[in-house]
Protein chains: 2
Amino acid sequence: MRIGELSERSGLSRDAIRFYERIGLVGSHRSPNGYRDFPESALPWLHYVRTAQRLGFSLAEIADHAADLRDSDDAAAALSALFAEKVAIVDARMAELAALRSELVERAGTGCPLRPDAPGTARAVADSPPKPVLPLR
Amino acid sequence: MRIGELSERSGLSRDAIRFYERIGLVGSHRSPNGYRDFPESALPWLHYVRTAQRLGFSLAEIADHAADLRDSDDAAAALSALFAEKVAIVDARMAELAALRSELVERAGTGCPLRPDAPGTARAVADSPPKPVLPLR
DNA sequence: GTAAACCGTGGAGTGCGCTCCAAGTTCAAG
DNA sequence: CTTGAACTTGGAGCGCACTCCACGGTTTAC
């Protein structure tokens, strides 16, 4: 599969895919004409990459883990270990979120304890540009 | 409270705090000598900022929400809405994590369906530097 | 009084994860 | 044979969230 098709099917830009290849996150053969030729398996792999990334893993971490897998004698065992590790991380993140959630719910009930500044004081912030200085996305 | 104390008590660097002030995330008065003077309330506020940030909210979003609060007629109502919104986001993220979790667990059980490349092929990646090109943190 | 610690500003630099661009192939359709 | 889409490389640039640095003023401790 060439990069355009992979791009369309994965939802990633060509540039992003080329970038991923540069950092070793996806592999590809080259056709005689020099075009990248991706295997079918690149598609689920990219999907996994995006998922892991969205959940807070850096590309470097993901690439690192993939490299661990490749270098491992016992791929199955390494894979299990990696997944177990990721599940633990995911569990920890979920716990954090649950904590924030209840914190939020609790505060939502109890008035207004959350302010960038002391109550009733003139806010220095309001004197600077009314909107945040950095561009909002 | 001056910036050094706030830094130590919050665990944030002075530079980070100054940066937050620049983008309107924290307010401060200035003492006659020009030094920043932060209210006690800056401490829990920074704590909140860090938590929200760690959970995936950008500083711009956090500042934005804080601004919404300030501009609101009915601060209590706005706060409740904001919190409800964040709880929903948190819930969505938790659901995603749960999905990834079960995906991981499932895959961990069933052999090795996760590869950057087709099995057994020479990997183009392996020809480039053996370790990922970008520095790992 | 002087040294050390602390504060200020401005500006440059960093790491990540891309995006955009220019200049040059390759290929398929008409 | 030409047109145009898709591909190649290399390099520049960007947004975010800082960090680091130089240079200078202020405060505190001895």
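This is a predicted model, so every value here is computed, not measured. A note on names: the letters A, B, ... follow the listed sequences, proteins ahead of strands, and every chain is numbered from 1. What you see below is based on every heavy atom in this structure, not just the backbone, and it leaves out hydrogens, waters and symmetry mates.
Listed by chain and number, the residues in a salt bridge (charged side-chain N to carboxylate O under 4.0 Å, His left out) with A/D91 are B/R101 (sequence neighbours excluded). Partners of A/D37 under the side-chain contact (heavy atoms from CB on, under 4.5 Å) rule, at least two apart in sequence or in another chain, are A/H29, A/S31. Every residue meeting the side-chain contact (heavy atoms from CB on, under 4.5 Å) condition with B/E5, not counting sequence neighbours, appears here in chain and number order: B/M1, B/R9. With sequence neighbours excluded, the residues that form a salt bridge (charged side-chain N to carboxylate O under 4.0 Å, His left out) with B/R54 are A/E96. Checked against salt bridge (charged side-chain N to carboxylate O under 4.0 Å, His left out), A/D15 has the following partners two or more places apart in sequence or in another chain: A/R18.
Here the C1' atom of nucleotide D/dA17 and the CG atom of B/D15 are 12 Å apart, to the nearest Å. Between the C1' atom of D/dA17 and the CD1 atom of B/I62 lies a distance of 11 Å, rounded to the nearest Å. When rounded to the nearest whole Å, the span between CZ of B/R22 and P of C/dG8 equals 14 Å. The interatomic distance linking A/I23 (CD1) with C/dG15 (P) rounds to 15 Å, in whole Å. We find that CD of B/E21 is positioned 16 Å from C1' of D/dC18, with the value rounded to whole Å. In this structure, the CG atom of A/L6 is 11 Å from the P atom of D/dT8, given to the nearest Å. Between the P atom of C/dG15 and the CD atom of A/E61 lies a distance of 17 Å, rounded to the nearest Å.
B/L43 has its side chain out of reach of B/H47: every pair of non-hydrogen atoms, C-beta onward, lies at least 4.5 Å apart. Counting only heavy atoms from C-beta outward, the side chains of B/D68 and B/H65 approach each other to under 4.5 Å.
Using a 4.0 Å heavy-atom cutoff across all strands shown, A/R54 reaches no nucleic acid atom at all. Using a 4.0 Å heavy-atom cutoff across all strands shown, A/R18 reaches at least one base atom of the nucleic acid.
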Under 3.5 Å, N/O pairs linking protein and nucleotides 27-30 of chain C:
{"from": "C/dC27", "atom 1": "OP1", "to": "A/N33", "atom 2": "ND2", "distance (Å)": "2.9"}

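Put simply, A/Y20 has a side-chain N or O that comes within less than 4.0 Å of OP1 or OP2 on C/dC18. Contact between the side-chain N/O atoms of B/Q53 and the OP1/OP2 oxygens of D/dC16 is not found at any separation under 4.0 Å.
Side chain of A/R50, nearest nucleotide from D/dT8, C/dC18, D/dA17: C/dC18. Considering only the side chain of A/L59, C/dC18 comes nearest among D/dA17, C/dC18, C/dG8. Distances were taken from every side-chain heavy atom of B/F19 (C-beta onward) to each of D/dC18, C/dT9, D/dT9; the shortest belongs to D/dC18.
Closest-nucleotide positions on DNA chain D for A/E5 and B/A16 were compared, and the one nearer the 5' end corresponds to A/E5.
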